[in-house]
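Data first, discussion second: the structure below is written as structure tokens.
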Protein chains: 2
Amino acid sequence: MDSAGRAKVPTIRDVARAAGVSHQTVSRVINDHPNISAATRLRVEAAMEHLSFRPSRVARALATSRTRTIGIISTDNGRYGPPKTQRAIEQAARDAGYFLSTANLAEVGHEPMRDAVDYLQDHGIDGIVLIAPQAEMLDAFAELAPRVPFVTVDSAGRGGGHSIAIDQAEGARLATRHLVSLGHRGIRHIAGPLDWLDSQARIRGWRTVLAQAGLEAREPLVGDWSAESGHRVASAIAEDPDATAVFVSNDQMALGLLSGLAAERKRVPEDVSVVGFDDVPEAGYFAPPLTTVRPDFSELGTTCLSLLLGQLSGENSSAPRPIKPDLVIRESTAPRADPLAGDAFRATGPTRPSGSP
Amino acid sequence: MDSAGRAKVPTIRDVARAAGVSHQTVSRVINDHPNISAATRLRVEAAMEHLSFRPSRVARALATSRTRTIGIISTDNGRYGPPKTQRAIEQAARDAGYFLSTANLAEVGHEPMRDAVDYLQDHGIDGIVLIAPQAEMLDAFAELAPRVPFVTVDSAGRGGGHSIAIDQAEGARLATRHLVSLGHRGIRHIAGPLDWLDSQARIRGWRTVLAQAGLEAREPLVGDWSAESGHRVASAIAEDPDATAVFVSNDQMALGLLSGLAAERKRVPEDVSVVGFDDVPEAGYFAPPLTTVRPDFSELGTTCLSLLLGQLSGENSSAPRPIKPDLVIRESTAPRADPLAGDAFRATGPTRPSGSP
DNA sequence: TCACGGATTGTGACCGGTAACAATCTGGAC
DNA sequence: GTCCAGATTGTTACCGGTCACAATCCGTGA
């Protein structure tokens, strides 16, 4: 189309020459400065259009030391929550006109964290979002004390105004309260890895409700988020005669548990009720469809980003409220079968969870 | 720790002053130039260490017009394959010392694609990886004819040396051949959206094997990758008396099918055998555990990146071979029950897939 | 008619590196 | 002792924008 000989990318000075103005005037047009006459502006815009000029962000970054780019630090080891969170933040950043750079740690630790932070800072990112499901990541990050604004997504909420999270404990309370309201008394818990803040918070929530109901909280079984680990602990549940319900810390482990209980000839929900956490898209198609807790990741993403953007513009925002999840009731939970007679409780059916007390 | 008054980031000239050399010499040390005396190098390195100097990538990018950053274009709509591919490429890029920028299209189309490409080019990325599971993305990208090196991950393999993919058709052949070898004759297919190249290739592979075996290929049922869509078409399978096996284009739809068949009182694998595609981590814990095709995403990632790196260094690499997937045999497939007597075929059991013909 | 203040535009330096070329130093051959 | 090539180092310009400040233009009140 163009008859240009060389594929040289036009600069601000080329545009200036074409429009018969100084390069500074072109810069002003680009940046919407107020005091530019309409005629000049039009002329410059025409020239930019004609040369299909696009300002170099690199040059601008060098001059202003701001890049309109934010960095995300995450890990690869998350099953569902962390990547989902990351996606949501990417979406929110894009909507806000920010560019995004990702730095995924190969493993958790100080060295990899330092690398990631250096990496991002070298590239002149304006701010960092840290997705820190483990306390260790939070600690490693805190020690580095990066010189840029940041927000952490962590269930510990340690960062004050720098921190945002799903209200994990509330989700766990919702799930456990649901089981209690169905008449269950032996309510077990399968936790995720104990160094995960999410696991810890979910354990806390489960404990709280059991204590309120005057029920015993056995030591939780511990998995690693994988379906395999859920499958592995199924026998412990099956062999526990008092266990009629299980709150599982994520849906994958719940799936594994379902499969393990089936192998042990236990029926869900007739013999054992199961509640998961995450509401993965497939949860409705497990056998049976899984009752589970649904966090709102997209709200998490937007809140997280607006928090960071607030910091970038120098505001001093207060700590946002953790995001309340919902309970999605499907078919893996049912009223506790009367231990004496057959099916009592049939009349009530699954009750909807009540609001917060 | 430091007694510096201002938190000013040190530049190459600060280091030069501290080491008593010219800034160019510092630059040479940074870039490992050969002709630097050992003494000078040590002195400069000490100064860099002391000032905790880190070269500005932004400035370097401006000077060299190379950023050691590659951009990934993808979409949000992929269930498992695309994000997994993205992760794998990120990993490979990190290993190769490259920085990564992601641009996820909100939707497929020319405008969003143009935005994404502009976005990345504005930031001076050295190359682009396009994850294009749909022909439309490939077309949109091709029209833009970006000025930078790129590699596409597409199952159409249209890009020649620019293209790499999982051998989808081979995966489908593996799956279908497995079902044929179990004695099935009514082998149906549930496809993904027809505008996906992956779907198309998997349909082709399925058709090929059926044709070779002299079996009829009914028009595939079409889903949207979701478990829900697999569930929806289950009744069509259940009501088809000749259908004793189904090859499903991904594991999520297979899960939905499993749940739908159970609702229709069809047993898997006794009445119907099911094979999926992807081998999601949970596939082994479906009810029953799913026989499925496992693509090697990490090989895809590394191959993809080495292809791109080859281009960056000006090599003219030839088109790489598509990556062969494996078949993972679990419990959702079994020999076809003899329509006349009871269980024939028991003797053989599931056969391992033979190598390529 | 002239000084004055705001609107508009231009000039030169600078951001922090790299590239190209010049200058100086060194040691070995003659 | 002199000369020359290669090793080492320094000087200056440049990448493509922005910033600070100066210069010019314009209408208005004195």
Given atom [atom1] of [X] and atom [atom2] of [N], what is their separation to the nearest angstrom?
X: H23(A); N: dT11(C); atom1: NE2; atom2: P; result: 8 Å
X: I30(A); N: dG16(D); atom1: CD1; atom2: C1'; result: 10 Å
X: M48(A); N: dG16(D); atom1: CE; atom2: P; result: 17 Å
X: I36(B); N: dC25(C); atom1: CD1; atom2: C1'; result: 14 Å
X: R28(A); N: dG10(C); atom1: CZ; atom2: C1'; result: 8 Å
X: D14(A); N: dC15(D); atom1: CG; atom2: P; result: 10 Å
X: R13(B); N: dA13(C); atom1: CZ; atom2: C1'; result: 13 Å

Legend entry - Under 3.5 Å side-chain donor-acceptor pair for Q311(A) and H162(A):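 Yes, H162(A) and Q311(A) have a side-chain donor paired with an acceptor closer than 3.5 Å.
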Inset, instruction - Would you kindly say whether T25(B) and S22(B) are connected by a side-chain donor-acceptor distance under 3.5 Å? - result: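 A pair is found: one side chain offers a donor N or O, the other an acceptor, under 3.5 Å apart.
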Inset, instruction - Scan V21(B) against the nucleic acid and name what it touches under 4.0 Å (heavy atoms): base, sugar-phosphate only, or nothing. - result: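 Touches sugar-phosphate only.
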Legend entry - Touch class at under 4.0 angstrom, heavy-atom based, for T40(A) against every strand present: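 Sugar-phosphate, no base atom in range.
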Inset, instruction - Compare side-chain N and O positions of S37(B) against OP1 and OP2 of dT9(D) and report whether any pair is under 4.0 Å apart. - result: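 It does, given that an N or O in the side chain of S37(B) lies less than 4.0 Å from OP1 or OP2 of dT9(D).
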Legend entry - Ring-face cation of R68(B) near F99(B) (centre distance under 6.0 Å, axis angle within 45°):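 Ring-cation test returns no.
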